[in-house]
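One structure below.
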Amino acid sequence: EKANAYRLTEPTFKQEKINDRGPMIAELLSGGPAYYVDAATNKETQIKAGDYFYIEPGASFYLKINGKNANMVLFEIK
């Protein structure tokens, strides 16, 4: 299987809707907090530094990062 990793940092972070991706793990390494937001319901789930969050395949969502010095990694399995 193929896997991709994406790094999101506060200066380069853009809040954009993400659709139809493989299963993902979002891990906030530092800073934050960050929020996983379900695009269909607008339900927010907080992700604190050191925590990770599993994102179902095909989910429609966006990520919000509050605070400074945020450093997040997304791992996607294709």
Quick one: side chains of residues 52-62, donor-acceptor pairs under 3.5 Å with protein atoms, not counting sequence neighbours, listed by atom name and distance.
unit_1	atom_1	unit_2	atom_2	d
Ser60	OG	Asn19	OD1	2.7

Just list the side-chain donor-acceptor pairs under 3.5 Å for residues 25-35, sequence neighbours left out, or say none.
unit_1	atom_1	unit_2	atom_2	d
Tyr35	OH	Gln46	NE2	3.4

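- Lys43 is linked by a salt bridge (charged side-chain N to carboxylate O under 4.0 Å, His left out) to nothing, counting only residues two or more places apart in sequence or in another chain.
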Please report, to 0.1 Å, the donor-acceptor pairs under 3.5 Å made by any side chain of residues 71-78, with sequence neighbours excluded.
unit_1	atom_1	unit_2	atom_2	d
Asn71	OD1	Arg7	NE	3.1
Glu76	OE1	Tyr6	OH	2.9
Glu76	OE1	Arg21	NH2	3.0
Glu76	OE2	Arg21	NE	3.1
Glu76	OE2	Gly22	N	3.1

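- Among residues at least two apart or in separate chains, salt bridge (Lys or Arg N to Asp or Glu O under 4.0 Å) pairs with a member in residues 57-67 are Glu44-Lys64.
- Thr41 approaches Asp38 most closely through the heavy-atom pair N-OD1, 3.2 Å.
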